[in-house]
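Structure record follows, encoded as structure tokens.
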2 protein chains.
Amino acid sequence: MARIAAADRRARLAEAALTVAARDGLAAASTRAIVAEAGMPLASFHYAVPSRDELLRDVVGLVVAQEGDAAGALLGDAADVRGALRDALGGYLALVRRDPGREQAMFELTQHALRTPGLHDLPAEQYARYHAVAAALLETGAARLGIRWAVPVADLARLVVGITDGATLAWLADRDDAAAERVLDLAADALAVFAAPDTGSKETR
Amino acid sequence: MARIAAADRRARLAEAALTVAARDGLAAASTRAIVAEAGMPLASFHYAVPSRDELLRDVVGLVVAQEGDAAGALLGDAADVRGALRDALGGYLALVRRDPGREQAMFELTQHALRTPGLHDLPAEQYARYHAVAAALLETGAARLGIRWAVPVADLARLVVGITDGATLAWLADRDDAAAERVLDLAADALAVFAAPDTGSKETR
DNA sequence: ACCTGTCTGGGACACTCGTCCCACTATGGC
DNA sequence: GCCATAGTGGGACGAGTGTCCCAGACAGGT
């Protein structure tokens with residue numbers, strides 16, 4: 001094994017942990033499985049990271065950061081509110097479908113953190129970040145479409161995240177692509193209700 | 001330990017497993033923890049149940065049955081569609097708040113089943129049942145209000161379950177009661193869009 | 001060139017896990 | 001009353017876990 005600074009090793013371990021958790025589940029992401037994925041000896045683990053739970057904290061940060069990057073691409077070029085919402089929701093589902101294990105690993109991570117004393121604060125931060133990303137997306141989307149949201153964006157963002165989480169959970173359970181698409185159709189219809197005219201442009205539906 | 005038929009023991013073990021999983025998490029629901037909760041010797045476990053995963057199958061059945069019973073009570077006596085939806089959603093959230101561990105245990109169970117070869121079919125059945133319960137609730141609610149749903153009830157049911165799952169997940173993460181209530185306000189507004197007049201009664205909103 | 005401190009990696013500890021074996025005992029049908 | 005059958009329960013096995021120790025090796029600053 002080459003000589004690598006402890007901080008670098010920690011980052012590599014976080015990535016390896018995410019890979020293993022996405023592929024085999026969080027429960028299978030043992031310290032041994034993680035170092036095997038990273039190609040390191042076991043002892044490097046606790047040299048770079050104080051504990052396994054501490055590394056999981058890094059993993060959440062890793063995914064949350066990636067999620068923020070990916071969010072921008074969800075904004076399509078639809079001209080009406082319903083279409084824009086539908087595109088964004090559909091884009092998210094496509095992301096989940098391309099790598100179901102990763103999304104599932106995030107759910108497992110949240111549940112694990114909720115049960116682990118040292119990680120109790122993690123889920124709140126994680127979801128605050130999700131909500132912030134969704135809110136930003138809603139704001140820039142509204143600006144691009146020339147509308148405003150008739151209700152607080154923070155609340156709307158929380159609803160949007162809830163809908164995507166819920167749709168993801170159901171799709172993970174039954175893998176019903178068509179049903180998932182139909183739900184997003186309805187969700188886009190429903191959410192479009194909250195669009196209001198702003199700079200003289202027309203409201204949808 | 002008194003003499004108990006194996007089938008009875010199996011049922012008691014399923015209840016004990018649910019208790020432990022709700023209180024301490026699914027990962028803590030080991031065979032030893034379950035028999036301790038049930039007040040049985042460890043060997044009774046594999047006399048009554050072939051394996052731990054087989055028992056978890058029973059646990060899902062147990063909760064799903066209870067969920068079906070509880071659903072009926074969610075129908076309030078609101079006269080308009082939005083109010084009825086809001087009451088039902090709020091009732092569900094109240095259920096979650098009264099026993100967060102149980103709901104969390106169900107999420108953990110779904111995730112675990114998705115990762116466990118012998119339990120792959122479980123989540124699909126579980127969610128099919130959820131969707132059926134929601135659909136039945138939507139149907140009887142519509143009949144009571146004298147409206148019809150403008151979109152397929154099966155799709156609407158899937159959306160409703162998704163919204164409740166999503167709201168639950170976010171609330172479990174940050175325990176923000178007020179935000180959860182505001183989201184349900186929006187959700188009720190949004191879902192009311194799908195109500196259409198049927199027997200001459202008035203549409204809301 | 002040396003030497004302090006960072007990094008390596010094999011091995012082990014103490015523990016928990018699911019599962020199983022087997023000697024034992026109470027029970028219901030004859 | 002006897003005996004096959006169903007239920008009991010202590011104990012153990014092998015595998016897997018997170019964490020830690022410690023002897024060794026390499027690096028950069030002097």
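Convention: sequence-line order gives letters A, B, ...; per-chain numbering from 1.
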(message) Could you check whether A:Arg115 pairs with B:Glu108 (Lys NZ or Arg NE/NH1/NH2 to Asp/Glu carboxylate O, under 4.0 Å)?
(response) yes
(request) Keeping the roles fixed (side chain from A:Arg82, backbone from A:Asp185), state whether a donor-acceptor pair exists under 3.5 Å. (result) yes
(message) Closest approach to the side chain of A:Pro41, judged atom by atom: which nucleotide of C:dG9, C:dG18, D:dG10 is it?
(response) C:dG9
(request) Nearest whole angstrom, please: distance from the P of C:dC17 to the CZ of B:Phe45. (result) 12 Å
(message) Please report the distance, rounded to the nearest Å, between OH in A:Tyr47 and P in D:dT19.
(response) 18 Å
(request) Give, for atom CG of A:Leu62 and atom CG of A:Leu56, the distance between the pair rounded to the nearest 0.5 Å. (result) 12.0 Å
(request) State whether the side chain of A:Trp149 and the backbone N or O of A:Leu156 hold a donor-acceptor pair below 3.5 Å, judged by distance alone. (result) no
(message) Quick check against the 3.5 Å criterion: does A:His120 have a side-chain atom that pairs as donor or acceptor with the backbone of A:Ala113?
(response) no
(message) With side chain to side chain donor-acceptor pair (under 3.5 Å) as the rule and sequence neighbours excluded, what pairs involving residues 151-167 of chain B come up?
(response) A:Asp174-B:Arg158, A:Arg182-B:Asp155, B:Tyr127-B:Asp165
(message) One thing to verify: whether A:Glu181 and A:Arg86 come together as a salt bridge, which I'm taking to mean a side-chain N less than 4.0 angstrom from a carboxylate O.
(response) yes
(request) Taking B:Arg129 for its side chain and B:Gly68 for its backbone only, find out whether a donor-acceptor pair lies under 3.5 Å. (result) no
(request) Please report, rounded to the nearest Å, how far the C1' atom of D:dG7 is from the CZ atom of B:Arg9. (result) 7 Å
(request) Examine D:dT19: is either OP1 or OP2 under 4.0 Å from a nitrogen or oxygen in the side chain of A:His46? Give yes or no. (result) yes
(message) Measure CZ/A:Arg10 against P/C:dC7 and give the value in whole Å, please.
(response) 14 Å
(request) Go through residues 22-32 of chain A and report each residue with a non-hydrogen atom lying under 4.0 Å from DNA chain D, sorted by number. (result) A:Ser30, A:Thr31, A:Arg32
(request) For nucleotides 24-30 of chain D, just jot down a letter per nucleotide in 5' to 3' order: B, S or -, based on protein non-hydrogen atoms under 4.0 Å. (result) --BS---
(request) Nearest whole angstrom, please: distance from the P of C:dT19 to the CG of B:Leu13. (result) 13 Å
(message) Can you measure B:Leu42 atom CG to D:dG10 atom C1' for me and round it to whole angstrom units?
(response) 10 Å
(message) Any carboxylate oxygen within less than 4.0 angstrom of a Lys/Arg side-chain nitrogen, looking at B:Arg3 and B:Asp8?
(response) no
(request) For B:Ile4 and D:dA6, give me the distance from atom CD1 to atom C1', rounded to whole Å. (result) 13 Å
(request) Could you state the atom-to-atom distance from CD1 of B:Ile34 to P of C:dG18 in whole Å? (result) 7 Å
